[in-house]
Amino acid sequence: MNNINGYNSGTNALSGQSFIDEFLDERNSALPTSESVVLALMKTEEIEAVIDEMIRPQMEDNPTIALEDRGGYWWIKANGKIVIDCDEATEILGKKYTVYDLLVNVSTTVGRAMTLGNQFIITNELLGLETKVDSVY
Amino acid sequence: MGNNTAVKQALKANPVPSSVDPQEVHKWLQDFTWDFKSKTAKYPTKYDMDVNTREQFKLTAKEYARMESSKEERQYGTLLDGLDRLDAGNKVHPKWGEVMKLVANFLETGEYGAISGSALLWDTAQSPEQRNGYLAQVIDEIRHVNQTAYVNYYYGKHYYDPAGHTNMRQLRAINPLYPGVKRAFGEGFLAGDAVESSINLQLVAEACFTNPLIVSLTEWAAANGDEITPTVFLSIETDELRHMANGYQTIVSIMNNPETMKYLQTDLDNAFWTQHKFLTPFVGVALEYGSKYKVEPWVKSWNRWVYEDWAGIWLGRLQQFGVKSPKCLPDAKKDAVWAHHDLALLALALWPLTGIRMELPDQQAMEWFEANYPGWYNHYGKIYDEWRAAGFEDPKSGFCGALWLMERGHGIFVDHASGLPFCPSLAKSSVNARFAEYNGKRYSFSEPHGERQWLLEPERYEFQNFFEQFEGWELSDLVKAAGGVRSDGKTLMAQPHLRDTDMWTLDDLKRINLTIPDPMKILNWQPIQ
Amino acid sequence: MSSNVFIRGMVDPERQAQIQALVPKAPLETKRDHIPFAKRGWRRLTEYEAVMLHAQNSLDAIPGSQEVGETVQKWPGGRGSYSIESTAAISSNWFNFRDPSKRWFQPYVKQKTEEGQTAERAMKAWVEGGDTGMMNTAWLNQILSKHYGAMIFNEYGLFSAHSTTTYGALSDLLKTWISQAAFDKNDAGQMIQMQRVLLGKAFPGFDPSLVEAKQAWTQGEVWKPAREFVEHIWADTYDWVEQLWAMHAVYDHIFGQFVRREFFQRIAGLHGDTLTPVIQFQALTYHQQAADGVSAFCLKHLIDDEPVYGQHNRRYLHAWTGKYLPQVEKALKAFLAIYKEVPVKVDGVTCRAGVQAGVERVVNGWADRFAEPIGYKFNRNAFVKNVMAGY
Amino acid sequence: MSKLTWYSSPVRDEWAEKINAIKTVSEGIAMLADFRKNHTGPDRTTYELKKEYNWIEARIEMRLNQLHAEATLSDDDLLNKTIDGRCAKEVAAEWMKKAEDIDCHYEMEKLCVAFRKACKPPMMSVNFLAPAERVLVAKLMKLRAAVFLTKSIDELRTARGVTMISVQ
């Protein structure tokens, strides 16, 4: 399965001199534009459930989602947007789990991340420029 | 998602009457400020930050504390219970346990600088939501100083060689690599226009380089037996996403104003180069030269985290608003391949000043380097083989890599903009050395971007570099004065190998017979016609 | 889909065998004291000190610093990143300061979390237990809506003033304590609004918006001199020691203590408002900690323990007190007009004698704690009399 | 004082002695002004104290600051006048006025550097220095940003009077 967002896709699929040649090629020397977002979730009890019950099922609908075990954390990359609804996570975990509890283990994001009520959203939209920073209240 | 918002809206109409959601309080923050005559940012800035800019995480002080407290319980619980029982401090490969002496302390310098940098932004931002976000960042940065310090503290208590973990805050004063981190982190985050500082701190250092420095570094740590660092660093990084959002909203707050937007590109180019100049080589050295078990070549991590994801997702998407490719990007990419190898050569040449034990790359490492960086052996590997044969590790040899280099005409200089040492005749990175005389003093620069920064703003760069500051000191005297000797009073904390035998002492160092010179004084300099 | 199988060195038998072969039989170094160069007297550093002390990288122009030489990069124009020009106070060693509460990050957020949970439970009990029924409507609509809301701006302004104090502070343990004091101020403002949002839920007619409160703060006579002080200390004062002293040791210890303790804490109960005292209790704790910190810093560190510049620092603290006390006096005097709006009058509490007793309590408390130690003389009776003219 | 840290030097000891010998504010002002002129900033006349200049400058400042506060002057004068008795607010305003017509970043840089040398505490309290510096340096940064990435390196070197050198 070839996912454009895979951990070692694109230039990183190459190695040795061919990697370096491609990496330094003039085509790759200006700013690229990407429609993706990246998320790293620290491995914990709760995050394993979020990955299994909430992220993996989304992969069926969105084939651009790539998921990778990086030892201490899960690395996720996808086009567009990833939403984690913590009300749903609360149901799955059987305990109160707010968006700020999720943030305890969100190790990094590339893209615009925000909370919206009890949801965590990471999006490629330019919040505040293209779209508004929403609030449920 | 639409449905869910509808549910939330319904909740708003019929709120739970006996409790208040933090976001219900947050929504009023923008009303907390008022206008008055003398109200202004208190530090010099080119920008006017918009009073209406929003913050993306909507935390109140109390909810922040609850979230952070949960992080702290988990982190210290893991360290003090789980990892303590597993004797984690003694399961780490020595190469890695040593390099963490520097990594934790250097990162601590960045976190400390970020306290003031965030305070500067808290002052300059006009939107109360932003100020609230920046204040949380100030407190986060205190957390991170405490955490990075705790890595050294924990190692100092549990690891089989506490020397250096316990006193790096002292030893770093003579480390020729330390001015590099001071410049990028200790000062680049806080000494300058708030927006320039924000780009340095949040948009470049945090949104870009902390991903490899703090996140992917944990893979290398775990591969090398260190579960302490992942426990702490991954938890540090859970605050960084709010900081990245702070940095992004800093840009948003000026972007709609053409009057100030015109200054952005200059600050972006300068900040990217300032941070890259230190971080690209330093992280590469830490990962590839500080590990026994390799994960992936640094240049590949750089391509993923810095070029494709950071540049593509953050900057690339802003091109429609006028942001352009930094002019230095092609040079930065060349550095991503070679700059850490250049720096490693100097770090090994100057090992007595680093405070840590390190060793030359072994056969397995050399093969890995050659496979991933073709041409590596002929350039660097040969030198290391020669050093090994000349007695690099042997305390009785009187050998010193720095002298070996100088005797062969490979001068070592300090770049006056970045504060980092460089060796023009052996560098494979984007080094393009130039030397200047101005107002009766000589300056060295490793490339044009830094020289430009100095030419435009000379009053910002007045520091005494390592050679100038310690010129005339005999090497062993300097190491001793700075606390680099173990409790037996003679064995050095720094060593050029990882064994517990044949450890170098002050006398062995004295045998090298090196009095620190100032290359800008002793060499025969002539004006270029 | 995973591109590699991750090998953890700690549990992988092969790697661990290689690692253990390199681990020496005995540790290479027996001394495990942290930051040994900073050890004071016989004792080892506490955790509070170990995680922060000497984290600051600073040039040795700052007394007590470990570094040598100059900063690598300065501000355009030549200002250094940390420099002694930021205050008129002088210390022989800026790194000798210790916060008496010894709060580094972990204990700090733990304490705040507990306070948050206490407030959450108290609010729930307050609404569900029927306390709302006792609330005096005029108190709710006049005082809590307007004046209690105005207090948010006081706290927010003081929080804002801490940006320069955090930036300018010259050592690591100072920055830690100061930014925590700032965070407490920010929290204090938000807690008032949290209470007001709850009031909006409990009382259908109560509007939690800040329109009326902001008007009282920016245009009303009750808050005018207080606002002027806050604006001055936020926007016009750059000396961070002066700011800390003026805010915590003068203004908040007189005006702040009166407003929180003598007015809201004391008067709320008379109006069936049992919630305000619970919320304000936290703000009182925050002030207590800030007052302890400023006392450890200005009175102990800069005067009592200072071997060379104690007299110098005393002179400045004295001058700053003289500069700010009249404005604080005006602020308190103007604030006393609020008693005209208090719905329930109780003899001994809201009457002139009752209020004067409250003013005397804060003024005497302040004089003992902060004026006496720096030898600042002022006429307490005249001060109280002037303030009471506002009643 | 130098003994407080691991780093000490005879130069520092010598200066510490000289600084301790200052007994009046006017002596201190003269020493500080002279020291700043000759040993600080990019326009200094000599780099002979390069290693120690910021340490020495700080110690002169501390001593002078101390002498100033010990002098018999009113609190009002202590807080609001420059060390030589002028109205600090007016002095700061004069410097800001000097900047009004400048539209060249080199000129603005000279003014900012000169302002620091003349007014940095204890010459003037930070409460007057900092707001004026905010205005001056903001202007400097704006003027520089306009040309930062566009002027050629050669042009910049020539304008500065920099000589390029090489090792023979």
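To find a chain, count down the sequence lines: A is the first, B the second, and so on, and within it residues start at 1.
Ranked by heavy-atom pairs shorter than 4.5 Å toward chain A, the options B:Asn303, B:Ile251, B:Leu329 are led by B:Asn303. Between chain B and the options A:Glu130, A:Met42, A:Arg112, the largest number of non-hydrogen pairs under 4.5 Å is found for A:Arg112. When each of A:Thr11, A:Val133, A:Leu129 is checked for heavy-atom pairs under 4.5 Å with chain B, A:Leu129 comes out on top. Highest contact tally toward chain A, considering only B:Val337, B:Thr218, B:Thr210, is held by B:Val337 [criterion: heavy-atom pairs under 4.5 Å]. In terms of heavy-atom pairs under 4.5 Å with chain A, the best-connected choice from B:Asn372, B:Val299, B:Asn211, B:Leu318 is B:Val299. Interface check for chain B: of the options A:Ser107, A:Ala113, A:Ser36, the most heavy-atom pairs under 4.5 Å are formed by A:Ser107. Ranked by non-hydrogen atom pairs under 4.5 Å with chain A, the options B:Lys300, B:Arg54, B:Lys324 are led by B:Lys300.
Heavy atoms of B:Glu296 lying under 4.5 Å from chain A belong exclusively to its side chain. With a 4.5 angstrom heavy-atom cutoff, B:Met244 touches chain A only via side-chain atoms. Both the backbone and the side chain of A:Tyr100 come within contact range of chain B, with heavy atoms under 4.5 Å apart. Using a 4.5 Å cut-off between heavy atoms, B:Glu63 touches chain A through its side chain atoms alone. B:Asn256 touches chain A through its side chain: at least one heavy atom from C-beta onward sits under 4.5 Å away, while N, CA, C and O do not. B:Arg74 touches chain A through its side chain: at least one heavy atom from C-beta onward sits under 4.5 Å away, while N, CA, C and O do not.
A:Asn79 and A:Glu35 share no side-chain donor-acceptor pair at under 3.5 Å. Residues B:Thr53 and B:Glu129 have side chains that never bring a donor and an acceptor to within less than 3.5 angstrom of each other. Defined by atom type and a distance below 3.5 Å, a donor-acceptor pair is missing between the side-chain atoms of B:Asp335 and B:Thr280. Donor-acceptor pairing under 3.5 Å is recorded for the side chains of B:Gln56 and B:Gln249.
Ion pairing of A:Arg27 with A:Glu22 is present here, as a side-chain N (NZ or NE/NH1/NH2) and a carboxylate O approach within less than 4.0 Å. Taking the charged nitrogens against the carboxylate oxygens, A:Lys43 and A:Asp69 do have a contact shorter than 4.0 Å, which makes a salt bridge.
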Using atom types as modelled, flag every donor-acceptor pair under 3.5 Å from a side chain in residues 47-57 of chain A to any protein atom, sequence neighbours excluded.
{"residue": "A:Glu48", "atom": "OE2", "partner": "A:Trp74", "partner atom": "NE1", "Å": "3.0"}
{"residue": "A:Asp52", "atom": "OD1", "partner": "A:Arg56", "partner atom": "NE", "Å": "3.2"}

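Under the 6.0 Å distance and 45° angle rule, B:Lys333 counts as a cation-pi partner of A:Phe23.
Shown here are the side-chain hydrogen bond (donor to acceptor under 3.5 Å, both in side chains) partners of A:Thr33, two or more places apart in sequence or in another chain: B:Gln319.
At a heavy-atom cut-off of under 4.5 Å, chain A is reached by B:Thr231, B:Leu234, B:Ser235, B:Glu237, B:Thr238 from residues 230-238 of chain B, listed in order of number. Of all residues spanning residues 304-314 of chain B, those with a heavy atom less than 4.5 Å away from chain A's heavy atoms are B:Arg304, B:Trp305, B:Tyr307, B:Glu308, B:Asp309, B:Trp310, B:Ala311, B:Gly312, B:Ile313, B:Trp314, arranged by number.
Ring geometry for B:Trp338 versus B:Tyr373: interplanar angle of 30 to 60°, hence tilted.
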